[in-house]
Amino acid sequence: MKEFTLPKQGYPHNEVLKDLEKRKDKDAKWEAGRTFSLVYHTDEEHEDFLQKTYSLYFSANALNPIAFKSVKEMEHETIRMALSLFHGDSKTCGTMTSGGTESLLMVVKTYRDYARKLKPWILKPEMIAPVTIHPAVNKACDYLGVKLKLVSVDHDYKMDVKELRKNISRNTILIMASAPSYPHGVIDPIKEISKISKKKNIPFHVDACFGGFLIPFISPETEFDFSLEGVTSISADFHKYGYSGTKGASGVFYRSMDYLRHQFYIYENWPGGIYLSPSILGSRPGGAVACAYGSLLSLGEEGFLKQATRVKMTLEILVSEIQKIEDLKLVGDQKFGIVCIKSNSHNLDIYLVGDELQKKGWFFDRNQNPESLHFTISPHHDEFIREFIEDLKDSIKEARKKAPHEKSKQASMYGMVANMPLRGVIKNQVLKMMEEMYSASGKNIDEQDGAPQGKLAQTLERVAFEAIEVKKQWNIVKEKIKSKFQK
Ligand SMILES: *Cc1c(COP(=O)(O)O)cnc(C)c1O
């Protein structure tokens with residue numbers, strides 16, 4: 001079935017369902033553990049339960065808490081349960097959002113407006129975060145007119161606290177750090193930062209979107225939440241290690257209403273009545289709220305602990321196997337669900353290993369700094385990790401055979417892109433590609449050769465190459481001008 005205009009007559013349900021089923025063929029086989037991140041799966045029983053839960057609230061709209069009291073109550077109880085994990089008290093509060101991105105957008109908006117009220121002399125608000133902060137924060141700052149000052153990370157990929165200190169100014173409205181950071185799985189020095197933020201009286205947000213529901217169970221001794229005085233807010237995703245299954249559920253939590261108040265939106269002059277909304281979305285899926293609630297309630301502490309243990313054991317197996325492979329090196333921290341590997345040898349191109357793994361059906365992320373492959377472990381990976389390790393070993397063999405004659409597309413792309421002089425050109429090319437994806441042609445990034453970054457890699461490689469050429473030419477012209485005027 002391929003329709004580009006509304007069919008005159010609708011298809012029967014069973015045909016549409018068949019079509020939907022068929023389309024899945026192209027997708028990553030997450031049920032067979034082939035995706036790292038994207039789907040945080042425990043087991044089929046939990047999945048079935050969540051599907052039933054979603055169905056019960058399939059049509060409920062969390063937009064109107066008076067019409068759907070049940071959803072409002074579930075949201076409240078879900079937030080309170082989460083806060084009890086994060087050492088909240090009777091003052092701490094929060095709202096649910098549709099995901100980590102919305103949570104972080106809300107955080108930046110909240111503190112921007114908090115500063116407008118309490119520090120009205122700040123005309124150009126700035127926030128400080130490590131370079132490893134999730135790009136949703138760059139997005140939030142771009143959308144909201146807040147300047148983002150990115151500071152470097154240490155050799156262990158943790159936010160450089162000295163750099164943080166240097167960058168604090170009278171315009172700083174917020175400091176943000178991660179627990180853990182997505183690229184390398186490390187927890188920034190939250191305790192140290194919280195001391196600084198407390199002393200300087202600057203709000204401090206901990207982005208625990210990834211690890212918020214994992215750390216309390218996998219590493220209970222780790223301090224990252226309201227137990228630290230300087231932490232004023234936290235974000236944590238239910239649709240990741242909160243195991244709410246369906247996408248569309250995150251939480252944003254504040255130390256007190258003094259902050260959360262600034263997240264709310266109220267418009268009192270609409271002909272349609274007074275409009276109030278706690279976050280970005282208007283209509284909100286009741287099903288996503290029900291699933292977050294249902295997941296916490298059905299798993300309980302015991303269930304979360306059990307899932308964390310599965311993740312921990314899988315991490316340990318994977319790490320010990322990787323340590324046995326001479327040409328690989330672990331990057332960052334492996335305690336918090338993320339394993340990141342780079343090459344430890346000139347003879348091994350890590351992106352070539354990635355290409356081979358992908359051919360075998362595995363989906364994962366590729367870091368550009370350092371050049372490495374990135375895997376997030378979900379509970380159900382305990383069943384597939386041995387298969388993965390075998391495929392990883394095979395992929396290394398394949399990659400060794402190919403290198404150094406054949407450079408991976410990703411390797412050459414990242415290499416060139418990293419050294420590319422005109423950064424704006426990259427953005428422009430990617431923009432063009434997005435225009436193509438969302439225009440009438442609807443082309444996919446990877447209609448090329450099966451490698452998901454295939455087309456992007458090729459385009460960027462060509463552009464980077466051209467930009468380097470232009471820069472060379474420009475340097476020649478510059479030299480000519482110089483010599484002419486020196487004569
Ligand atoms: C996933 C993630 C986000 C963004 O969450 P989405 O649900 O994808 O919008 C933000 N920060 C961190 C650390 C994450 O892992």
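Note that ligands are numbered from 1 as they come in the structure, with each ligand's atoms numbered from 1 the same way. Numbers for residues simply follow the sequence, beginning at 1. The structure presented is a predicted model; accordingly, all values stated were derived computationally and were not measured.
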So if I apply the ring-ring contact (aromatic ring centres under 6.0 Å, His included) rule between His381 and each of Phe388, Trp30, Phe36, which one comes out positive? Phe36

Answer yes or no: is there a donor N or O on one side and an acceptor on the other, between the side chain of Glu102 and the main chain of Ile280, under 3.5 Å? yes

Judging by distance only, is a nitrogen or oxygen of Asp207 under 3.5 angstrom from one on ligand 1? yes

If we only count N/O pairs under 3.5 Å, is Lys240 in contact with ligand 1? yes

Only one of Val108, Ile175, Leu174 passes side-chain contact (heavy atoms from CB on, under 4.5 Å) with His205, and that residue is Leu174

Are the aromatic rings of Phe304 and Tyr241 close, with centres under 6.0 Å apart? no

How long is the straight-line distance from OG1 of Thr95 back to CZ of Arg284, given to the nearest 0.5 Å? 7.0 Å

Which atoms from ligand 1 have a heavy atom of Asp237 less than 4.0 Å away? 1 (C), 5 (O), 7 (O)

Can you find an N or O of Gly100 that's nearer than 3.5 Å to an N or O of ligand 1? yes

Please determine, by modelled atom types, if Asp207 and Ser235 share a side-chain donor-acceptor pair under 3.5 angstrom. yes

May I ask you to list the atoms of ligand 1 that are less than 4.0 angstrom from any heavy atom of Leu104? 10 (C)

Note: Ala136, heavy atoms under 4.0 Å from ligand 1, region reported as neither

Kindly assign one of parallel, tilted or perpendicular to the pair Tyr114 and Tyr259, based on the angle between their ring planes and the thresholds 30° and 60°. tilted

Tyr182 heavy atoms within 4.0 Å reach ligand 1 at atoms 15 (O)

Can you tell me which portion of His239 lies within the under-4.0 Å heavy-atom range of ligand 1? Options are side chain, backbone, both, or neither. side chain

What part of Thr101 sits under 4.0 Å from ligand 1 if we count only heavy atoms: the side chain, the backbone, both or neither? both

